[in-house]
Amino acid sequence: MTGLGTTMANTLLEIKNVKKLFRSDASQELLVLDDVNFTMREGEIVALVGRSGSGKSTLLRIMAGLIEATSGDVKYRGQTIDGPQNGISMVFQHFALLPWLTVLQNVELGLEAQGVDKQERRKRALKAIDIVGLDGFESAFPKELSGGMRQRVGLARALVVNPDLLLMDEPFSALDVLTADNLRSDLLDLWDDQQAQLGSILIVTHNIEEAILMADRILIFDANPGRVKHELKVNLKRPRDDETPGFRQLMHQIYTLMTTSDATLSAHTEIDLSYRVPDAKVSELSGLIETIAEEELPGAISYSDLAELTQLDVDELISLTEVLDILQFIKTNDGRIELTRAGESFAESEILEQKELFAKHLLNHIPIVKHIVTTLKRRYNHRVSKKFFLAELEEYFSDDDADRVLRIVIEWGRYAELFAYDDNTGKLSLEDPE
């Protein structure tokens, strides 16, 4: 899909028909990536944008040679990647520093693995530390550093090997907003003046503003399974201003593409027990309904405007709107959201009426909730162990995901007073057996 017309001379990385399956046991398979295709070229920054759990980080690890694809071709400069490559470095989300080593020793690790002699690696490590703004902290240990400084160490460790390709897995998501902004700006400064001799950067993020601020191209990743669905060129001069019409228009376009992808569920989609319920607390769902009701423009409000209004990132916003869409409290069209009559009633109601309305829509539209209530009613004592429902969900999900889905559903059911749950006994019961 991407890279059409690209010559091999400036092709850095090629991904063709990549598939990745994870097997938890002999009978259960999880298809994480399927038919992934794109090309990285020299001298560009590419952002890979998608929801959490869509397989973006898995793909990045395949590119880095840390894990193998189940099938498909992954080539760096025309050669198949069969392990970590000289020329490809990776910056992780959670720093990944060794706590018993100093800043200097952590930065030297990659060079030591490459067999670089002590004098040369010390010289290059000191230069990398200076480039990322940590001069004076060479002898400090990670515990002495702030989150932003620890991430700078991770960046220096990646840069010290003079990579052709720098892979970044949500490198700023664990940082506070101001620290993330500073580090992002510093990285772009390094890119512009080529102090670090970077060839290309591929950054995985679910922060749309970050993608537009940094990237020359943006790849929009779909989920279940993960694949590249859309590609957008960013024709905005750096430094980029998020208040300009061009920036706002591109932001709206990305939200629209992400929320109207083939994998996006809607109120008209039939779901069953295999529906992977997103993380969505009742307080967040009700709060979003009320926010839309207060701010709704004639007709609808755009995802991008709602994201700015609520300060939710794309992953959080899409998760909440997906649930509200299935519950038929909102309807979405072409990147815009509006309340249904049920949504308007919910926003206008008092708490007890909201609970009744929420309970009705849960039973009508979320099969696992109806299944739990029906099972409880059939039992003579109206009590069932949580493990019973976990075993059923594990037919569709991993153990961790089954536990997450049931935890969310239990919260919804308790709020709606459809059933109760005793954490001490691990049993669910009817709130009112009669």
Side-chain angles (χ1 to χ4, degrees), residues 21-22 24 27-34 50-56 206 221-227 229 258-286 288-289 303 314-332 337 340 342-343 346 357-377 384 386-416 418-419 421 428:
L21 278 167
F22 286 106
S24 58
S27 63
Q28 191 177 65
E29 291 184 340
L30 177 62
L31 181 61
V32 178
L33 302 172
D34 190 32
R51 297 179 60 179
S52 294
S54 60
K56 305 185 304 298
H206 57 253
F221 216 57
D222 205 1
N224 301 320
R227 56 166 65 93
K229 295 295 291 183
M258 289 188 69
T259 55
T260 56
S261 70
D262 294 344
T264 301
L265 291 167
S266 73
H268 306 292
T269 304
E270 289 293 327
I271 63 173
D272 53 25
L273 294 184
S274 66
Y275 171 51
R276 186 174 273 99
V277 174
D279 286 318
K281 293 182 170 58
V282 173
S283 58
E284 296 170 334
L285 293 169
S286 60
L288 191 60
I289 291 176
Y303 273 90
V314 64
D315 196 51
E316 296 168 320
L317 185 58
I318 293 179
S319 292
L320 295 176
T321 54
E322 179 182 309
V323 174
L324 292 178
D325 197 2
I326 289 172
L327 291 174
Q328 297 192 16
F329 286 127
I330 65 170
K331 53 186 176 181
T332 62
I337 307 164
T340 61
F346 187 97
L357 193 56
F358 194 73
K360 175 184 174 182
H361 283 251
L362 281 179
L363 290 171
N364 287 340
H365 304 297
I366 305 293
I368 181 61
V369 174
K370 184 176 182 180
H371 175 64
I372 289 172
V373 172
T374 301
T375 303
L376 289 171
K377 285 182 176 179
V384 178
K386 174 184 175 181
K387 293 180 180 178
F388 175 85
F389 297 112
L390 273 177
E392 292 186 317
L393 290 175
E394 285 166 4
E395 292 293 315
Y396 307 101
F397 310 124
S398 66
D399 293 353
D400 288 344
D401 218 19
D403 187 69
R404 182 192 63 79
V405 167
L406 190 56
R407 172 176 49 79
I408 294 164
V409 167
I410 286 174
E411 190 216 344
W412 292 353
R414 294 174 78 179
Y415 166 81
L418 290 170
F419 49 79
Y421 174 67
L428 291 88

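Treat the numbers as computed from the prediction; the structure is a model and nothing was measured.
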Trainee: Would you check if Thr375 and Phe419 make a side-chain contact, meaning some heavy-atom pair closer than 4.5 Å?
Mentor: no
Trainee: Between Phe388 and Leu428, is any pair of side-chain heavy atoms under 4.5 Å apart?
Mentor: no
Trainee: Has the side chain of Ser319 got a donor or acceptor atom that lies under 3.5 Å from a matching backbone atom of Pro278?
Mentor: no
Trainee: Would you say the side chain of Arg407 lies within less than 4.5 Å of the side chain of Asp279, judging by non-hydrogen atoms?
Mentor: yes
Trainee: Begin from the C-alpha positions of Asp34 and Arg227 and carry the test salt bridge (Lys or Arg N to Asp or Glu O under 4.0 Å) through to its verdict.
Mentor: CA-CA 6 Å; Asp34 190 32; Arg227 56 166 65 93; 3.4 Å; yes
Trainee: Between Glu284 and Glu316, is there a side-chain heavy-atom distance shorter than 4.5 Å?
Mentor: no
Trainee: Using a 4.5 Å cut-off on heavy atoms from C-beta on, say whether the side chain of Leu406 contacts that of Ile372.
Mentor: yes
Trainee: Just by modelled atom types, is the Gly50 backbone N or O under 3.5 Å from a matching donor or acceptor in the Lys56 side chain?
Mentor: yes
Trainee: With sequence neighbours excluded, tell me which residues meet salt bridge (Lys or Arg N to Asp or Glu O under 4.0 Å) with Asp403.
Mentor: Lys386
Trainee: Can you find a heavy atom in the side chain of Leu362 that is under 4.5 Å from one in the side chain of Val373?
Mentor: no
Trainee: Could you tell me if the side chain of Tyr275 sits less than 4.5 Å from the side chain of Ile326, heavy atoms only?
Mentor: yes
Trainee: Contact between Phe358 and Leu285 at the side-chain level, heavy atoms closer than 4.5 Å - yes or no?
Mentor: yes
Trainee: The criterion is ring pair (Phe, Tyr, Trp, His ring centres under 6.0 Å); which residues satisfy it with His206, sequence neighbours excluded?
Mentor: none
